[in-house]
K.L.:
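Once you've had a glance at the structure underneath, I'll fire off some questions.
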Amino acid sequence: MTEQEVFKIILPFLEGYTEGIYWDFKETLNDAASIIKDILAFSNSDYNGDSFIIVGVKETKLSGEKNNKIALSREDRIRLKTDSSNLYIPDKWDVCGISEAEILKLKGLSEQITQQIASNMLISIPKCEFIPIEINKSRWLYVIIIKKKPGVFICKQDLYDSRNPNKVVVKQGVVYVRVADTTFGADTSVASATECIRIWKNYIDWLESPLYEKQEIINE
């Protein structure tokens, strides 16, 4: 995708009030493993399209005011495929951007992410694009596009925080999945059996489909 095409897609997210099943905001990135966890979650999500991690956007918290939560009905929870009783709504998002120097660091980090993904996946390998977008003369956004493709996206070994070698960020064999605006599989929030079944069933259906056979012929 071109810079203009990506910006056109993400603009409604920047003007909105929350994150979603196929987009996430980060003020900055410091660790490859934590981003790989998000990439796996988006790759396993039930959304049938590309997903986006947008770096250079932070939440503005207003002094003395509480963040908003909207109560979810049973029907809302079914529609959003979440067990949460509330939907978190931040005060607003600040498109602060990042500097050109930070862009150079993120390009190096993106190479680490690509290398770790290529060498640490058990079954399927996520496909990502990394797009810097200039928003003014001194500030940028950095967008990671997680391309939608069939697969089961799990890691074959633990991945550790680069700043804390004792902290496991991505656990071996754990199914991470994006549901509504939350990554499940992280900490104590485990992806539901329903989500795991869906992921495996979709992958098996694809393996048995003519599309997979056609892809195998192309690869040969």
K.L.:
How long is the span from the CD atom in Gln116 to the CD1 atom in Ile36, to the nearest 0.5 Å?
P.N.:
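Output value for this atom pair is 4.0 Å.
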K.L.:
Could you please spell out the steps behind the side chain to side chain donor-acceptor pair (under 3.5 Å) verdict for Ser110 and Tyr142?
P.N.:
CA-CA 10 Å; Ser110 298; Tyr142 195 69; 2.8 Å; yes
K.L.:
So, do Glu134 and Glu3 sit near enough that their side-chain heavy atoms are less than 4.5 Å apart?
P.N.:
yes
K.L.:
Would you call Glu102-Lys105 a salt bridge at under 4.0 Å N-O?
P.N.:
no
K.L.:
Looking at side-chain heavy atoms only, is the closest gap between Leu29 and Ile144 below 4.5 Å?
P.N.:
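Yes, at least one pair of side-chain atoms sits under 4.5 Å.
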K.L.:
Can you find a pair of side-chain heavy atoms, one from Ile145 and one from Val6, that are under 4.5 Å apart?
P.N.:
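Counting from C-beta outward, Ile145 and Val6 do come under 4.5 Å.
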K.L.:
Without placing hydrogens or testing angles, list every side-chain donor-acceptor pair under 3.5 Å for residues 122-133, not counting sequence neighbours.
P.N.:
from	atom 1	to	atom 2	distance (Å)
Ser124	OG	Val152	N	3.0
Ser124	OG	Val152	O	3.4
Glu129	OE1	Met1	N	3.4

K.L.:
Should Glu100 and Trp140 count as side-chain neighbours, where that means a heavy-atom distance under 4.5 Å?
P.N.:
yes
K.L.:
With the side chain counted from C-beta on, respond yes when Val175 and Glu195 share a heavy-atom pair under 4.5 Å apart, and no when they do not.
P.N.:
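When only atoms from C-beta onward are counted, Glu195 and Val175 do not touch, as no gap falls below 4.5 Å.
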K.L.:
To the closest 0.5 Å, what do you measure between CG (Leu40) and CD1 (Ile146)?
P.N.:
10.0 Å
K.L.:
Name all pairs fulfilling the ring pair (Phe, Tyr, Trp, His ring centres under 6.0 Å) condition that reach into residues 26-58, sequence neighbours left out, sorted by first residue then second.
P.N.:
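Every ring pair (Phe, Tyr, Trp, His ring centres under 6.0 Å) pair that includes a residue of residues 26-58, provided the two are not neighbours, is Tyr22-Tyr47.
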K.L.:
With the side chain counted from C-beta on, respond yes when Gln157 and Asn120 share a heavy-atom pair under 4.5 Å apart, and no when they do not.
P.N.:
yes
K.L.:
Show your working on side-chain contact (heavy atoms from CB on, under 4.5 Å) between Gln172 and Cys155 and close with a plain yes or no.
P.N.:
CA-CA 5 Å; Gln172 173 189 5; Cys155 207; 5.8 Å; no
K.L.:
With distance as the sole test, does Glu5 use its side chain to make a donor-acceptor pair with the main-chain N or O of Thr2 at under 3.5 Å?
P.N.:
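Judged by distance alone, yes, a pair lies under 3.5 Å.
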K.L.:
How close do Ile113 and Ala32 get, heavy atom to heavy atom, and via which atoms?
P.N.:
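Closest pair (atom of Ile113, atom of Ala32, distance): CG1-CB, 3.8 Å.
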K.L.:
Please report the shortest heavy-atom distance between Pro150 and Phe153, naming the atom on each side.
P.N.:
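For Pro150 versus Phe153, the nearest heavy atoms are O-CZ, 3.8 Å.
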K.L.:
Does a side-chain heavy-atom distance below 4.5 Å link Lys201 with Arg198?
P.N.:
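Not touching, per the 4.5 Å side-chain cut-off.
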K.L.:
So if you build clusters from Ile, Leu, Val, Met, Phe, Trp, Tyr with side-chain heavy-atom gaps below 4.5 Å, do Phe13 and Ile135 land together?
P.N.:
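Yes, because Phe13 and Ile135 connect within a single hydrophobic cluster, where side-chain heavy atoms sit under 4.5 Å apart.
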K.L.:
Charged N to carboxylate O below 4.0 Å: is that the case for Asp38 and Arg178?
P.N.:
no
K.L.:
Drop me the distance from Met121's CE to Ser43's OG, to the nearest 0.5 angstrom.
P.N.:
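Separation between the atoms: 9.0 Å.
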K.L.:
Is there a path from Val174 to Val170 through hydrophobic residues (I, L, V, M, F, W, Y) whose side chains come within less than 4.5 Å of each other?
P.N.:
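Linked, Val174 and Val170 end up in one cluster.
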K.L.:
Give a yes or no on whether Tyr176 and Val168 share a hydrophobic cluster (residues Ile, Leu, Val, Met, Phe, Trp, Tyr; joining criterion: side-chain heavy atoms under 4.5 Å apart).
P.N.:
no
K.L.:
Can you tell me how far apart CG (Asn30) and CG (Leu109) are? Round to the nearest 0.5 Å.
P.N.:
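With rounding to 0.5 Å, CG (Asn30) is 8.0 Å from CG (Leu109).
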K.L.:
Quick one, Ser138 and Asn136 - any side-chain contact, counting heavy atoms below 4.5 Å?
P.N.:
yes
K.L.:
Counting heavy atoms not belonging to Lys149, are there more than 12 under 6.0 Å from its NZ?
P.N.:
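Count over threshold, so yes.
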K.L.:
Could you see if Trp206 belongs to whatever hydrophobic cluster contains Ile197? Use Ile, Leu, Val, Met, Phe, Trp, Tyr and a side-chain cutoff under 4.5 Å.
P.N.:
no
K.L.:
Under a 4.0 Å N-O cut-off, is there an ion pair linking Lys147 with Asp50?
P.N.:
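Yes, this pair counts.
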K.L.:
Could you walk me through whether Ile98 and Leu141 pass the side-chain contact (heavy atoms from CB on, under 4.5 Å) test, one step at a time?
P.N.:
CA-CA 6 Å; Ile98 56 179; Leu141 295 176; over 6 Å; no
K.L.:
Could you measure the distance from the NZ atom of Lys171 to the CG atom of Leu159? Nearest 0.5 Å is fine.
P.N.:
12.5 Å
K.L.:
Is there a side-chain contact (heavy atoms from CB on, under 4.5 Å) between Val57 and Leu14? Walk through the geometry before answering.
P.N.:
CA-CA 8 Å; Val57 182; Leu14 301 174; 3.7 Å; yes
K.L.:
Looking only at non-hydrogen atoms, find the nearest pair between Val169 and Asp161 and report the distance.
P.N.:
CG2-N, 3.6 Å
K.L.:
Can you tell me how far the CD1 atom of Ile10 sits from the CD1 atom of Ile53, to the nearest 0.5 Å?
P.N.:
12.5 Å
K.L.:
Any chain of hydrophobic side-chain contacts (each under 4.5 Å) joining Ile154 to Ile204?
P.N.:
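Per the 4.5 Å side-chain linkage, Ile154 and Ile204 are not co-clustered.
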